[in-house]
Asker: 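One structure, as C-alpha cells, below. Some questions next.
What you are looking at is a predicted structure, and each value in this text was computed from that prediction instead of being measured. Residue numbers start from 1 in every chain, and the chains themselves are labelled A, B, ... in the order their sequence lines are given, proteins ahead of strands.
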Amino acid sequence: MLKVVLPDGSEKRFEKRVSPLDVASEIGAGLAKATVAAVMTTPETLDESGQPTRTVISATDLLPESGVVELRLLTKKDEEALDIMRHSCAHIMARAVMRLFPDVQLAFGPTTETGFYYDFWKKEPFTEDDFSKIEAEMTKIIAEDEPFERIEMKRDEAIALLKGAGQTLKVEHLETGLAENETVSFYRQGEFLDLCRGPHIPSAKFVGAFKIMSTSTSHWKGDVNNQALCRVYGTAFFDKKDLSAFLTQLEEAKKRDHRVLGKKHELFMVDPRVGSGLVVWLPKGAIIRKQLENLIYSELIKRDYQPMYSPVICRVELFETSGHYPYYADSQFPPITVDDGDRYLLRPMNCPLHIMVYESRPRSYRELPLRLAEFGNVHRFEQSGELSGLTRVRGFTQDDAHIFCTEEQVEEEFKNCIDMTLSVFRTVGFTDYEVRLSFRDWSSSKYVGDPEVWKKAQSSLERVCREMNLPKLDVVEGEAAFYGPKADFTVRDCLGRKWQLGTIQLDYNLPSPQRFNLKYVGSDGELHQPVMIHRAPLGSFERFTGILIEHFAAAFPLWLAPEQVRVLTISEKYEEYGKQVAARMKEAGLRVGLDLTSEKIGAKIRNGRNDLIPYLCVVGAKEEELGAVGVRGRKQGEMGAIEVGKFIADLQAEVAERRL
RNA sequence: GCUAGCGUAGCUCAAUCGGCAGAGCAGUUGAUUUGUAAUCAACAGGUUAGGAGUUCGAUUCUCCUCGCUAGCUCCA
C-alpha cells in the first residue's frame, strides 16, 4: 500500500500502483486534465546531502508500490512545468525533423533559460526556409496529441535498439557513458522514440505555442574536436499570449543593444582600420567613462587604496615569473623583440606590475593590508568570433587593484571588496545581478596552495557572502582559478547573455616562492608570505559601459549624461541671453549645449528629446525678462520657468548625489 | 579559431530576370525669426568592403581575402 501526502497535508492511500495522474483524478477531473507533471519527494530515502530525495516525474510515471511519498502536482501555473513542456517540445521538434529529414541523427535536446534546442547530425545545415516546414510538421504533431510514453530497458538492450535505428551518436553515448547493467529510459511519442531521462508532459497538446528561433552549429558533447552538429533553437509557452509577449520583449531588448545605441549616440566606435576589438571612445562616451572613473576613484580614496601607474608593455620575463606566459600564449598579442634581443609583452594583466611596487622595498606587517590601485590598460588576443561591441574586446582598462594582506586579514578585505562592488552597483542602479562563488574541485590536482588554507578561505568567503545577504548567490565547485577561490558579479545584456563584471579573486600563487616569493616582516621578526587579492568592481570600463548603455537604454542619469542641459533659443533675438545662460551653467560645472540654429522651437525640442538630453531649457522673451529658463525635463516633462540660479543649484545637487 | 548568415552614401534602407546605383534622415548653403516632438529650398554625398573570375554588360553569378552578426569553443 502506498500513502501519498499532498501539499495541503491531506493523505490518500492506494492499494494498486498509481501515477500522479491517477492521484489527480482522485481529487478532481479538472485537476487531472491540467496536470503537466509532478514533484515526488520520498522522505524515507535521502540523497547525498541528507535531504529527502526529490524528483520531478511525468504525470503518467508510476509511483512506488508502497511506502510514503509526498506529491506535488504541477500545472502550467508552476514554474517547473514550463521547463518540462519545453523539453517535450524539443522532442516534438526532433520528431518533426525526423519526419522531414529521415537520415539525420539525434544528439541531445535540452531546455535553455528561454526555450530549448536540439542538436542533429545532418549533411546539409538547416536553412531558414526549413523553419516553416519544421513548424508546420510540429503543428501537425501537436494536433495529433499523442501521449508521451516512458519505456525502460537495460543498457545493452537499448544499444541494440539504437543500433538498429542507425542512431550511432546515442549508441556512442551509452557505450562510453554508462555501466553495462544500468537501466536507461526512452520516451516514445508515436513513431518517435528517443533516449531520454524525462520527465515529459502527458501529451503533445500541452504545448500551447512555440516557435523555431534560429539555427547554429555545435559540437558533439561540446568538444570542438568532435564532429559538427546542426543545432536548432526554439521556444515554447503554454499560452500564445506569453509567446508573443516574449517575442515583443525580444524586439524591445534589441533596441537597447549598446552597439546600436553606441553608434546612434556617438559613444564609441570599433573600426577595422584600428583593429578588431580595439575600442575608440568618442567624446560623449569618454565623458561617461570619466564619470565612472571619478566614482571609482572616490571609492578608492575612501577605502584607503593607493594609486599607482605602470607601463602597458614590459619584459616577457615578468610574465614568465608570474606563470602567465607561455601558458596563455594563445590569448596574448605576441611579444615584440627589440634589437638587443629583449622581448616585450603588451601586458595581458596588471598584477606583475603591481607586485613590482610591493617588492620595491621590504614590507612590514604594519603596512598591510597594502592596497594598490590602477586603472590598468591590458590587451588580450581574444578569439575573433568572441568579439562583441564593448562587452568582449581585445584592449580594455580594468578598474584594477591588488591587495597584499596577511591571511588573518583576508576575510575583512574580501568583505570590503564586496562592499565596494555593491556600493558601485547601487550607485548606477544595477539590481539585477548574480554573484557566483567559485570554489576548488577537491578531486583535481591543478590547484596551488595549501588545501587547509583553501578550506579556511572558502568557508570565510562563503560566510561573508551569506552575511551580506547577496541576492542570487551561487556556489560552484570546480570553477575556481587554479590559484585561489573567487567571487564574480555577473549581469545579462539585452540579448540575455551573461557577462562577468566585478570580480574578487584570492591568490596564493603569485606571492609563493615558485613565483614572486613575496615576503613581509611579521611582528615576530620573521618573514611571512602575504596573500594577494585581485579585484575589480566594474571589471573593465569597456564592458561595464556597454552594460550601462543597455541598462539605461542610453538615457543616462544627469551625473553620467554626456550633455546634461541644452539651451534652446526661441529665435535669434534671444541668442545673447541664451549664450549668457549657457555660460553661467558651464561656469557652474554643468555640461551644457546650446542650440542656436534657426529651427523652430518644436524642432529643437524634438532633437533634444531624441538626443536624450536630461534637461532642455527654452529661452525667449518671457525667460529673459524673468532671468529664468523654461525647463523641460526628460522624465518630468514641462516644468515651467525656473530662475537660472535656482535651476543650476538644483542640477548641481542632483549631480552631487548621483541621483538616478 | 569553427559553422552559418550578412556587407550599397555618415546613419537606416531601396534597386524586377544580370541592363543608366536611389530615397529618408544627418551634412553644407540660402531663405525664414518662429513658444514646447520635424519651416522651406538648393547643393553635396558612392572604387556597391577589397581582389580575381564568368559575361557584350556584375550591386546582382562564382572564387579568395577582410570585416560584422549569431551560435559553438575559449575566457588569467
Side-chain angles (χ1 to χ4, degrees), chain A residues 112 117 119 124-128 213-233 254 257 259-260 263-266 269-277 319 322-325 327-332 347-352 378 380-389 391-394 398 479-484 486 488 495 497 499-500 503 505 507 509-510 534 539 543 568-575 596-611 616-623 630-633 637-641:
Chain A
T112 64
Y117 65 79
D119 284 344
E124 301 292 321
F126 292 100
T127 64
E128 291 213 7
M213 302 298 289
S214 61
T215 61
S216 81
T217 46
S218 61
H219 296 273
W220 174 239
K221 302 210 164 172
D223 187 337
V224 268
N225 300 312
N226 288 340
Q227 62 204 103
L229 302 171
C230 304
R231 179 172 294 181
V232 183
Y233 285 90
K254 276 187 194 158
D257 191 322
R259 293 164 300 190
V260 175
K263 192 177 259 182
K264 185 172 171 195
H265 295 286
E266 300 180 322
M269 59 184 271
V270 182
D271 190 306
R273 288 170 297 182
V274 179
S276 292
F319 286 97
S322 73
H324 295 116
Y325 187 91
Y327 189 66
Y328 291 106
D330 285 352
S331 44
Q332 291 165 13
R347 68 175 173 191
M349 54 204 357
N350 307 307
C351 14
V378 296
R380 298 178 187 176
F381 194 77
E382 304 287 1
Q383 294 184 25
S384 60
E386 276 300 331
L387 302 174
S388 175
T391 43
R392 194 67 186 264
V393 293
R394 284 182 173 161
Q398 299 174 308
E479 286 294 312
F482 72 91
Y483 50 76
K486 58 176 183 173
D488 295 323
L495 300 177
R497 294 178 294 202
W499 296 100
Q500 179 201 304
T503 182
Q505 313 182 353
D507 190 344
N509 178 48
L510 288 179
H534 311 244
R543 181 177 289 175
L568 317 175
T569 49
I570 293 284
S571 81
E572 226 166 43
K573 287 177 222 157
Y574 313 104
E575 195 173 311
L596 298 175
T597 59
S598 60
E599 292 292 343
K600 297 206 288 195
I601 198 65
K604 294 190 187 192
I605 298 272
R606 184 187 144 87
N607 292 337
R609 297 283 302 167
N610 289 341
D611 291 343
L616 299 175
C617 292
V618 175
V619 293
K622 189 173 86 188
E623 289 77 15
V631 181
R632 189 179 169 118
E638 278 197 66
M639 296 163 74

Asker: Looking at Asp257(A) and Arg259(A), is there a salt bridge between them, counting it only when a charged N and a carboxylate O are closer than 4.0 Å?
Answerer: yes

Asker: Determine the Euclidean distance between corresponding P atoms of G5(B) and U29(B); express it in Å to zero decimal places.
Answerer: 46 Å

Asker: Under a 3.5 Å cut-off on both pairing distances, which runs of 3 or more consecutive Watson-Crick or G-U pairs involve RNA chain B?
Answerer: B:1-7 with B:66-72, B:10-13 with B:22-25, B:27-31 with B:39-43, B:49-53 with B:61-65

Asker: Quiz question: going by heavy-atom distance under 3.5 Å, is there a donor-acceptor pair between the base of G10(B) and the side chain of Glu266(A)?
Answerer: no

Asker: I'd like to know if Arg392(A) reaches the base of C75(B) with its side chain, counting only an N/O donor and acceptor under 3.5 Å.
Answerer: yes

Asker: Return yes if the base of A76(B) and the side-chain atoms of Ser331(A) contain a donor-acceptor N/O pair under 3.5 Å, otherwise no.
Answerer: yes

Asker: Is any side-chain nitrogen or oxygen of Ser276(A) closer than 4.0 Å to OP1 or OP2 of C68(B)?
Answerer: yes

Asker: For the pair made of CE in Met639(A) and P in G35(B), what is the distance, rounded to whole Å?
Answerer: 23 Å

Asker: Would you indicate what Phe126(A) reaches in the nucleic acid, counting non-hydrogen atoms under 4.0 angstrom: base, sugar-phosphate, or nothing?
Answerer: nothing

Asker: Whole angstroms only, please: what is the NE2-P distance between His324(A) and C75(B)?
Answerer: 14 Å

Asker: Relative to the ring of His534(A), is the ring of Tyr483(A) parallel (under 30°), tilted (30 to 60°) or perpendicular (over 60°)?
Answerer: tilted

Asker: When all nucleic acid strands are considered with a 4.0 Å heavy-atom cut-off, which category describes Lys573(A): base, sugar-phosphate, or nothing?
Answerer: sugar-phosphate

Asker: Passes side-chain contact (heavy atoms from CB on, under 4.5 Å), Arg497(A) versus Ser388(A)? Steps please.
Answerer: CA-CA 11 Å; Arg497(A) 294 178 294 202; Ser388(A) 175; 4.0 Å; yes

Asker: Between A76(B) atom C1' and Phe381(A) atom CZ, what is the distance in whole Å?
Answerer: 17 Å

Asker: If you measure from the C1' atom in C68(B) to the same atom in A31(B), how many Å do you get, rounded?
Answerer: 43 Å

Asker: When we call it a touch if two heavy atoms are under 4.0 Å apart, what does Ala228(A) touch: a base, just sugar-phosphate, or nothing?
Answerer: nothing

Asker: Would you mind reading off the distance between Lys254(A) atom NZ and U12(B) atom C1', rounded to a whole angstrom?
Answerer: 16 Å

Asker: Using whole Å, report how far CZ of Phe482(A) lies from P of A76(B).
Answerer: 10 Å

Asker: Any N or O donor-acceptor pair under 3.5 Å from the base of G71(B) to the side chain of Ser214(A)?
Answerer: no

Asker: Over all strands shown, is Arg259(A) touching base, sugar-phosphate only, or nothing at heavy-atom distances under 4.0 angstrom?
Answerer: sugar-phosphate

Asker: Just by modelled atom types, is the Ser331(A) backbone N or O under 3.5 Å from a matching donor or acceptor in the Arg380(A) side chain?
Answerer: no

Asker: Starting from the 5' end of RNA chain B, give me the residue, Pro348(A) or Gly630(A), whose nearest nucleotide shows up first.
Answerer: Gly630(A)

Asker: With C1' as the reference atom in both, quote the distance from A38(B) to G1(B) in angstrom, rounded to an integer.
Answerer: 48 Å

Asker: Which of the following nucleotides, U39(B), U33(B), U36(B), is nearest to the side chain of Ala603(A)?
Answerer: U39(B)

Asker: How long is the line joining CG of Leu495(A) and C1' of C68(B), in whole Å?
Answerer: 15 Å

Asker: Should the side chain of Ser216(A) and the base of U3(B) be counted as holding a donor-acceptor pair, with the cut-off at 3.5 Å?
Answerer: no

Asker: For the pair made of CZ in Arg273(A) and C1' in C68(B), what is the distance, rounded to whole Å?
Answerer: 15 Å

Asker: Nearest-nucleotide wise, let me know which of Leu387(A) and Gln505(A) is further upstream toward the 5' end of RNA chain B.
Answerer: Leu387(A)

Asker: Give one of base, sugar-phosphate or nothing for Asp330(A), where a contact means two heavy atoms less than 4.0 Å apart.
Answerer: nothing

Asker: Provide, to the nearest angstrom, the distance between the CD1 atom belonging to Ile601(A) and the P atom belonging to U34(B).
Answerer: 12 Å

